[in-house]
Amino acid sequence: MTKEEVAEILDDIATLLELQGENPFRANAYRNGARAVKNLPGDLGEMVRQGQLTHVPGIGSTLREQIASLVTTGRLPFYDELKASVPQGALQMLRLPGIGPKKVRALQQAGITDLEQLQQACQKGQVAAMKGFGEKTQQKILEGLAFLGEVGQRVRIDQATPIGQRLLQAVRSFPTVIRAELAGSLRRRRETCKDIDIVCSGDDAHAILQAFASRSEVRQVVGLGDTKCSVILEEVVDGHRIVINADLRVVTDEQFPAALVYFTGSKEFNIQLRRRALARGWSLNEYELNDGRRAIPLRHEADLFAALDLDFIPPELREDTGEIDAADRTTAPRSARLPRLIEVQDIRGVFHNHTTYSDGAATLEEMAHAARQLGFEYLGIADHSQSLTVARGLSPERVRQQLADIDALNRKFRGFKLLKGCEVDILVDGRLDYPDDLLAEFDYVVASVHTHFGLSEEQMTERICRAVRHPLVSMLGHATGRLLLRREGYRVNLDRVLQAASEAGTMIEINAQPTRLELDWHYCKRAKSLGIPLVINPDAHSVGELNYYVYGVDVARRGWLEADDVFNTRSLQEVQKAFRTQRKP
DNA sequence: GCCGTTTTCGGCCCGACTGTTTTCAGTCG
């Protein structure tokens with residue numbers, strides 16, 4: 001069982017305990033445990049066997065035993081019993097806005113155990129009559145039922161970003177607004193967002209909130225108070241209708257720095273920051289940092305960090321995975337420091353891109369032109385290999401033709417070069433889809449899994465490790481095959497894959513397609529610690545998709561990567577040299 | 001359930017908003 005699966009079960013247990021009306025702190029302990037497991041460095045099975053879970057904060061004796069049971073037997077009787085005692089419908093009710101564990105419990109005790117019964121009870125007016133409920137709650141449930149599956153779903157970052165940017169510009173243009181910034185997961189550049197958070201400072205909060213609530217893209221005003229407005233937006237992005245929540249919070253300009261930190265989160269990061277303030281007898285909330293006598297004057301976010309003896313922590317790192325310790329100015333000698341994160345302009349080229357030769361929409365020439373427009377020094381072409389017929393994978397003859405075309409084009413370029421690569425399929429047994437003599441003709445080779453997703457974890461891990469160890473493979477393509485919000489990745493032990501890559505000197509791709517965004521940032525951090533170079537690749541199938549590399553930079557930043565950790569920050573010469581030396585005879 | 005330079009028991013971040021209430025519980029972030 002993978003770390004992710006174990007973490008999900010612990011998280012489920014937390015939810016089930018809440019639904020049972022258990023002590024909320026006990027439930028929270030399971031959520032913390034889930035997070036701790038997810039962030040563990042290394043192979044969970046190995047750590048359990050070695051007894052290394054003993055010193056992990058957030059995992060005590062009970063969780064340790066339960067995790068061991070899950071890892072060694074794949075089962076946890078406690079979880080099974082808990083699951084059996086809570087009706088499936090209860091979990092679905094939790095997805096309704098405004099409905100939490102307490103209300104679900106009340107409904108269950110009234111004999112309403114699934115969504116269908118809930119709808120009927122609301123229509124008959126029975127829910128409004130229950131203690132603690134009322135007309136409005138009943139109406140809200142009915143509205144929630146109508147939009148279930150639409151509102152409250154997470155949205156990909158490439159879809160949320162343009163909506164957030166437009167909204168932010170609008171807020172900045174409202175009269176009396178002084179400062180405004182995106183906050184929340186969008187500012188932390190998470191792969192997906194549940195809502196769009198904006199914080200602003202201004203003199204007339206009422207007018208600002210009114211202007212926000214009256215925007216044309218607002219479908220519904222969910223809440224409107226003195227300092228805060230919550231709406232549901234409906235917008236079309238790239239031809240897709242997106243429904244997403246948006247919150248605006250208005251504070252005074254003196255409060256803005258503390259508010260921005262607070263609403264940027266993450267929640268776990270905020271808790272740690274607040275604990276740090278408490279530890280010195282201070283207090284921190286969304287308005288101010290107070291030393292017990294007065295609010296400490298803050299002009300910018302960095303002032304708040306400095307007041308707590310911390311270096312400025314970039315939003316992408318605020319996940320409570322060690323960034324506060326790394327930023328701590330009081331520990332001497334500094335054991336760990338915050339990384340100087342990679343930036344978009346550090347990228348000099350990308351390696352995994354398709355053309356009309358296989359399933360791309362643009363020709364070699366068009367792709368090269370677009371890459372030069374982006375200021376790249378080089379562009380790697382890596383079309384699909386022969387067995388991937390659905391993507392018009394290239395036969396050896398066709399791909400040799402492509403290599404000749406690239407040579408011809410390169411003779412025309414000054415200060416720019418097309419690099420010759422391929423995205424070779426990793427066959428079901430871990431062999432590659434081209435013979436070695438052909439692979440040796442490329443400048444570099446990306447190896448990816450596109451078929452047989454249903455293998456067991458053991459088989460898939462072996463399959464990928466074998467490809468990663470192949471002396472002609474330069475980098476592993478999209479490491480787990482996940483499609484965000486649509487498909488889980490295949491079952492694979494990534495810790496073993498990383499180990500194999502580290503030993504073989506094989507690089508690993510950060511696939512910057514916003515539908516994929518893997519290697520997941522948790523593992524980027526781990527890859528870095530193993531000395532594996534990461535490669536940001538847009539996996540572009542058209543000219544426009546070359547721009548996706550910026551989302552790969554987001555992932556890299558969340559994974560603590562510096563420019564030196566990412567292969568495509570190197571110059572053309574360095575890249576070519578590295579590819580050559582990677583292939584030891 | 002976890003955790004400990006105040007503690008092995010008694011805490012566990014904290015405020016806004018809503019709706020159902022006559023003073024506050026539940027939800028949310």
Side-chain angles (χ1 to χ4, degrees), chain A residues 10-11 13-14 16-19 21-36 53-67 78 82 93-107 127-141 144 152 183-188 193-199 205 209 221-231 245-251 255 258-259 261-290 320:
Chain A
L10 295 179
D11 223 38
I13 290 175
L16 292 167
L17 288 173
E18 281 173 350
L19 283 171
E22 255 288 349
N23 173 4
F25 294 108
R26 186 179 172 212
N28 206 32
Y30 277 94
R31 284 201 205 288
N32 281 335
R35 251 171 48 81
L53 290 185
T54 321
H55 304 296
V56 179
I59 300 177
S61 57
T62 305
L63 261 70
R64 196 162 60 238
E65 280 170 30
Q66 294 180 340
I67 292 165
F78 168 61
L82 203 54
M93 287 181 198
L94 267 187
R95 291 170 51 210
L96 294 164
I99 301 298
K102 298 274 170 61
K103 285 214 156 61
V104 170
R105 219 170 125 69
L107 289 165
V127 170
M130 288 172 58
K131 186 173 157 56
F133 291 73
E135 280 297 336
K136 293 236 176 139
T137 306
Q138 180 171 273
Q139 192 53 37
K140 224 173 165 177
I141 290 173
S185 52
L186 196 50
R187 182 163 183 244
R188 301 199 313 279
C193 307
K194 200 158 155 284
D195 50 21
I196 291 168
D197 292 301
I198 298 179
V199 183
L209 292 168
V221 178
V222 181
L224 179 58
D226 295 333
T227 64
K228 181 180 164 181
C229 178
S230 206
V231 299
N245 287 289
D247 293 332
L248 176 66
R249 186 60 171 263
V250 186
V251 295
Q255 295 167 336
V261 168
Y262 182 85
F263 289 104
T264 297
S266 65
K267 198 171 93 177
E268 292 79 10
F269 173 82
N270 286 348
I271 290 170
Q272 291 308 327
L273 212 56
R274 191 164 285 154
R275 285 211 182 121
R276 188 177 175 89
L278 285 175
R280 53 184 69 189
W282 297 6
S283 70
L284 173 66
N285 60 26
E286 60 242 70
Y287 301 120
E288 61 178 33
L289 178 63
N290 194 302
D320 185 25

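Letters A, B, ... mirror the listed sequences (proteins, then strands); counts begin at 1.
Comparing the same atom, C1', in B/dT7 and in B/dC2 gives a spacing of 14 Å after rounding to whole Å. Distance noted for atom C1' between B/dA16 and B/dC9: 33 Å (whole Å). Distance check on atom C1': B/dT22 versus B/dT18 gives 16 Å, rounded to whole Å. Nucleotides B/dT20 and B/dA25, compared at atom C1', are 9 Å apart to the nearest Å. Spacing of C1' atoms, B/dG4 relative to B/dT8, comes out at 8 Å, to the nearest Å. Straight-line distance between the C1' atoms of B/dG11 and B/dT6: roughly 12 Å, to the nearest whole Å. B/dT21 and B/dC14 are spaced 23 Å apart, taking the C1' atom of each and rounding to whole Å.
For the pair A/Ser230 and B/dC17, the criterion of a side-chain N or O lying under 4.0 Å from OP1 or OP2 is not met. A close approach under 4.0 Å does not occur between any side-chain nitrogen or oxygen of A/Tyr287 and OP1 or OP2 of B/dC14. For A/Lys194, no side-chain nitrogen or oxygen approaches OP1 or OP2 of B/dC28 to under 4.0 Å. Residue A/Thr227 places at least one side-chain N or O under 4.0 Å from the OP1 or OP2 atom of B/dC17.
Of all nucleotides present, only B/dG10 satisfies the Watson-Crick or G-U wobble test against B/dC3, with each distance under 3.5 Å.
Side-chain atoms of A/Gln66 and A/Tyr30 form a donor-acceptor pair, as typed in the model, at a separation below 3.5 Å.
Here B/dT5 is in the anti range [glycosidic angle more than 90° from 0].
When heavy atoms are screened at a 4.0 angstrom cut-off, A/Pro24 is found touching no nucleic acid atom at all. Among the atoms of the strands shown, only primed sugar atoms or phosphate atoms (P, OP1, OP2) are found under 4.0 Å from some heavy atom of A/Gly132. When heavy atoms are screened at a 4.0 angstrom cut-off, A/Leu224 is found touching the sugar-phosphate backbone but no base atom. Residue A/Ser283 is out of contact with every strand shown, counting any heavy-atom pair closer than 4.0 Å.
Along DNA chain B, the nucleotide nearest A/Pro57 and the nucleotide nearest A/Gln138 are compared for position; the residue whose nucleotide lies closer to the 5' end is A/Pro57. Between A/Gln66 and A/Met130, the residue anchored nearer the 5' end of DNA chain B, judged by the nucleotide with its closest heavy atom, is A/Gln66.
Distance alone, capped at 3.5 Å, places no donor-acceptor pair between the A/Asn28 side chain and the A/Arg31 backbone. Side chain of A/Ser185 to main chain of A/Arg188: no donor-acceptor pair is present (N/O by atom type, distance under 3.5 Å, no hydrogens or angles).
A salt bridge links A/Glu286 with A/Arg249: the closest approach of a Lys/Arg side-chain nitrogen to an acidic carboxylate oxygen falls below 4.0 angstrom. A salt bridge does not link A/Asp320 with A/Lys267: every distance from a Lys NZ or Arg NE/NH1/NH2 to an Asp or Glu carboxylate oxygen is 4.0 Å or more.
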For this session: Could you give me the CA-CA distance, side-chain angles and deciding distance for A/Asp247 and A/Ile196, then say whether side-chain contact (heavy atoms from CB on, under 4.5 Å) is met?
Result: CA-CA 6 Å; A/Asp247 293 332; A/Ile196 291 168; over 6 Å; no

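Per the geometry, CZ belonging to A/Arg188 stands 11 Å off C1' belonging to B/dG29, to the nearest Å.
Counting atom types as modelled, A/Asn23 pairs a side-chain N or O with a base atom of B/dG1 as donor and acceptor under 3.5 Å.
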